[in-house]
Amino acid sequence: MRMSQFFLPVLKDTPAEAQIVSHRLMLRAGMIRQSAAGIYSWLPLGFRVLKKIEQIVREEQDATGAQELLMPTIQPADLWRESGRYDDYGQEMLRITDRHDRDMLFGPTNEELITDIFRSSIRSYRQLPHNLYHIQWKFRDEVRPRFGIMRGREFLMKDNYSFDLDKDGARRSYNKMFVAYLRTFDRLGLKAIPMVADTGPIGGDMSHEFIVLADTGESEVYCHADYLDFVVPDASTDYEGDLSPIIEHWTSRYAATDEKHDASRFEAEVPSDRRIATRGIEVGHIFYFGSKYSKPMGATVMGADGVEVPVEMGSYGIGVSRLVGAIIEASHDDDGIIWPASVAPFHVGLINLKVGDADCDRTVANIYETLRRAGVEVLLDDSDGRAGGKFATMDLIGLPWQMIVGPRGLKSGVVEVKERCTGVRQELSIEAAMTTVIGAPEA
RNA sequence: CGGAGUGUAGCUCAGCCUGGUAGAGCACCGUCUUCGGGAGGCGGGGGUCGGAGGUUCGAAUCCUCUCACUCCGACCA
């Protein structure tokens with residue numbers, strides 16, 4: 001992509017409304033634009049990141065055997081009356097009346113809808129288990145949206161729903177999601193710690209929140225420092241095998257959000273120099289809630305013994321749009337964002353320091369085409385701006401690698417390669433620069 | 001929903017207290033000099049001062065109402 005054609009409205013000044021660093025950087029880097037309180041447009045740069053995160057989430061879900069579908073944003077109120085939540089959910093639910101005066105709502109979550117889909121299609125225990133997910137926009141009419149897309153009213157969420165015959169099966173489904181979440185956040189370059197959590201309005205009796213430690217997080221959290229060094233299961237993990245050792249390992253140390261925090265246990269179980277008491281960002285939440293929805297909504301299957309039973313369900317959410325903010329909170333410096341390679345909007349920022357100089361133009365065009373043919377996503381700064389501005393913009397948008405081509409270097413046959421995360425700059429031959437940038441691990 | 005603020009040019013803000021022809025920096029357009037870490041000169045375009053009502057000879061400024069946004073708290077994924 002040539003920057004001269006790319007819609008990238010970067011801001012030099014920090015917009016007044018932005019308080020936390022991720023919000024400021026997202027606005028400055030031209031990733032999002034606010035439309036109303038807690039409602040944002042995603043501009044091209046931000047949208048690229050959002051899609052990359054979404055794709056990693058999708059791949060890790062698919063690896064567990066979960067299947068993707070897509071449910072609508074607008075739902076009929078009647079389904080929510082069946083579960084009893086139409087009244088319980090309160091003002092956070094955006095209620096809509098259509099032209100025929102039918103009560104509708106913009107979905108804040110999808111338990112009712114998926115249960116309806118399930119019950120009308122599945123009749124026998126032989127058809128179980130199932131785990132269905134979608135990645136769809138949700139709307140929750142927060143009293144006070146804040147922190148940019150971290151607590152928006154409209155947000156993109158991956159939510160899935162497992163259906164099992166019995167509690168053992170539900171436990172296996174829960175464990176799969178637990179492992180998939182560990183892998184997902186790891187691929188996104190985040191250290192997310194599973195913490196015992198309150199179940200909230202969804203209810204149920206088993207729940208973990210996946211928390212990224214950050215001073216700007218909204219939850220107070222307490223955990224054992226050992227978690228920071230725990231090893232995440234690799235891609236060869238067999239989801240059909242026994243996952244319980246992994247779960248046991250990842251729940252072996254103290255970790256709780258403030259709702260579930262027990263100060264005396266914390267002090268008894270964690271040596272004082274290993275105690276972490278800080279704030280965190282909730283990026284995922286998994287629940288097991290049994291028959292909470294299947295029973296009132298009549299989602300039953302015939303068991304092997306000829307007795308009809310409500311299915312055992314769980315639901316699992318990842319805040320896809322929130323993750324964009326969480327990653328920035330976890331990875332930035334004074335100059336801007338530092339994207340992990342796995343979600344970077346482009347892999348390389350190629351800077352032509354002197355547009356119009358025949359040597360520079362030719363070299364840059366060659367590098368650009370070569371990288372593109374090698375499948376590397378390149379953002380080429382082909383503007384005729386000044387060097388300082390180009391460097392500042394490239395640092396701000398945080399691409400993993402910068403290749404800087406200028407007349408001074410070309411005279412001695414070198415270009416500069418800068419690695420954003422370390423700040424290390426090297427002058428290399430064009431070939432060596434190419435190898436450095438292409439050969440860099442994709443995380 | 002309680003409390004506290006803020007709305008003036010695309011962005012950051014001054015002007016408001018004490019009413020009298022709407023400003024600065026950045027950005028943008030033209031031009032010249034610059035040109036490797038957010039350069040400088042000259043010239044230029046751009047704002048019904050969030051909206052409505054009121055007071056006044058005269059309102060960005062004072063008063064009333066209203067809308068929007070932000071922050072703290074409660075609530076929540």
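A quick note: this is a predicted structure, and the numbers were derived from the prediction, not measured.
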**Asked** Which one is paired to B/rU6, where only Watson-Crick or G-U wobble pairs with both distances under 3.5 angstrom count?
**Response** B/rA68
**Fill in**
Picking from B/rG73, B/rU12, B/rG36, the nucleotide nearest the side-chain atoms of A/Leu353 would be B/rG36
**Asked** With the threshold set at 4.0 Å, does a side-chain nitrogen-carboxylate oxygen contact exist between A/Lys390 and A/Asp382?
**Response** no
**Message:** Just to be sure I understand the rule, does A/Thr14 reach a base, reach only the sugar-phosphate, or reach nothing, if contact means heavy atoms closer than 4.0 Å?
**Reply:** sugar-phosphate
**Fill in**
The nucleotide from B/rA27, B/rU70, B/rU12 with an atom nearest the side chain of A/Lys12 is B/rA27
**Request:** Map A/Pro15 and A/Phe147 onto RNA chain B by nearest heavy atom, then report which one ends up closer to the 5' terminus.
**Result:** A/Pro15
**Nearest-nucleotide comparison on RNA chain B, the residue closer to the 5′ end among A/Ser35 and A/Arg151** = A/Ser35
**Message:** For a quick check of understanding: with a heavy-atom distance under 4.0 Å over all strands, which category does A/Gly389 fall into, base, sugar-phosphate or nothing?
**Reply:** base
**Asked** Does the gap between the ring centers of A/His261 and A/Tyr254 come in under 6.0 Å?
**Response** yes
**Prompt:** According to the Watson-Crick and G-U wobble definitions, with both distances under 3.5 Å, which nucleotide is paired to B/rU55?
**Reply:** none
**Prompt:** Looking at the side chain of A/Arg144, which of B/rC13, B/rG36, B/rC71 is the nearest nucleotide?
**Reply:** B/rC71
**Asked** Do A/Arg408 and B/rG37 have a side chain to base donor-acceptor pair shorter than 3.5 Å?
**Response** no
**Asked** Taking the side chain of A/Ile404 as its heavy atoms from C-beta onward, which of B/rU12, B/rC72, B/rG37 lies nearest to it?
**Response** B/rG37
**Request:** Would you mind reading off the distance between A/Asp384 atom CG and B/rC35 atom P, rounded to a whole angstrom?
**Result:** 16 Å
**Asked** Between A/Arg386 and B/rG38, does any side-chain N or O lie under 4.0 Å from OP1 or OP2?
**Response** no
**Item:** Rounded interatomic separation in angstrom, taking CG from A/Leu11 and C1' from B/rG38
**Value:** 14 Å
**Message:** Under 4.0 Å, counting only non-hydrogen atoms across every strand here, what does A/Gly406 touch: a base, just sugar-phosphate, or nothing?
**Reply:** base
**Request:** Would you kindly give the CZ-to-C1' distance between A/Phe391 and B/rC35, to the nearest whole Å?
**Result:** 11 Å
**Message:** Using a 4.0 Å heavy-atom cut-off, does A/Ala392 contact any base of the nucleic acid, only the sugar-phosphate backbone, or nothing at all?
**Reply:** base
**Asked** So, for A/Tyr89 and A/Trp80, is the gap between ring centers shorter than 6.0 Å?
**Response** yes
**Message:** Can you see if the side chain of A/Gln34 gets near the phosphate of B/rU70 - specifically, an N or O under 4.0 Å from OP1 or OP2?
**Reply:** yes
**Message:** Before we go on, tell me: are the rings of A/Phe118 and A/Phe163 under 6.0 Å apart, centre to centre?
**Reply:** yes
**Message:** Using the P atom as the point on both nucleotides, what is the distance between B/rC32 and B/rG25, in whole Å?
**Reply:** 23 Å
**Asked** In the structure shown, which nucleotide is the Watson-Crick or G-U wobble counterpart of B/rA74, with both distances under 3.5 Å?
**Response** none
**Asked** Taking the C1' atom of each, how far is B/rU33 from B/rU48, in whole Å?
**Response** 40 Å
**Complete:** From CG of A/Asp13 across to P of B/rU12 the rounded distance in Å is 7 Å
**Item:** Nearest-angstrom distance, C1' atom, B/rG50 to B/rU56
**Value:** 23 Å
**Asked** What does A/Arg425 touch in the nucleic acid at a heavy-atom separation under 4.0 angstrom: a base, only the sugar-phosphate, or nothing?
**Response** base
**Salt-bridge criterion met for A/Asp78 and A/Arg81 (N-O under 4.0 Å)** = yes
**Item:** Under 3.5 Å on both distances, the Watson-Crick or G-U partner of B/rG46
**Value:** none
**Item:** Span that lies between the C1' atom of B/rU21 and that of B/rA59, in whole angstrom
**Value:** 14 Å
**Message:** By the 4.0 Å heavy-atom rule, please label A/Gly356 as base, sugar-phosphate, or nothing.
**Reply:** nothing
**Request:** Find the partner of B/rG23: check Watson-Crick (N1-N3 plus N6-O4 or O6-N4) and G-U wobble (N1-O2, O6-N3) distances, both under 3.5 Å, and reply none if neither fits.
**Result:** B/rC13
**Asked** A/Glu92 side chain: which of B/rG25, B/rC69, B/rC76 is closest?
**Response** B/rC76
**Request:** Take atom C1' in B/rA24 and the same atom in B/rA9, then report the distance between them in whole Å.
**Result:** 11 Å
**Item:** Closest nucleotide among B/rC1, B/rG38, B/rU12 to the A/Arg28 side chain
**Value:** B/rG38
**Prompt:** Rounded to whole angstrom units, what separation is found between the CD atom of A/Gln91 and the P atom of B/rC75?
**Reply:** 16 Å
**Request:** Look up atom CZ in A/Phe147 and atom CZ in A/Arg322, then write down how far apart they are to the nearest 0.5 Å.
**Result:** 10.5 Å
**Message:** Taking the six-membered ring for Trp, are A/Phe346 and A/Phe6 closer than 6.0 Å centroid to centroid?
**Reply:** yes
**Item:** Sugar-phosphate, base or nothing in reach of A/Glu142, heavy atoms under 4.0 Å
**Value:** base
**Request:** Could you check how far CG of A/Leu396 sits from C1' of B/rG37, rounded to whole Å?
**Result:** 14 Å
**Message:** What's A/Gly409 touching, base or sugar-phosphate or nothing? Going by heavy atoms closer than 4.0 Å.
**Reply:** base
**Message:** Just the rounded figure in Å: distance from P of B/rG36 to CD of A/Glu416.
**Reply:** 13 Å
**Message:** Taking the ring of A/Phe210 and the ring of A/His285, is the distance between their centroids below 6.0 Å?
**Reply:** no
**Message:** Between P on B/rC76 and NZ on A/Lys260, what's the gap in Å once rounded to a whole number?
**Reply:** 13 Å
**Proximity of A/Trp250 and A/Phe178 rings by center, below 6.0 Å** = no
**Request:** Could you work out the separation of B/rA14 and B/rC28 based on their P atoms and round it to a whole Å?
**Result:** 24 Å
**Message:** Base, sugar-phosphate or nothing for A/Ala18? Non-hydrogen atoms, less than 4.0 Å.
**Reply:** nothing
**Message:** Say we look at B/rC49 and B/rC16: how far apart would their C1' atoms be, to the nearest angstrom?
**Reply:** 11 Å
**Message:** Taking only the C1' atom of each, what is the distance from B/rG20 to B/rG58 in whole angstrom?
**Reply:** 7 Å
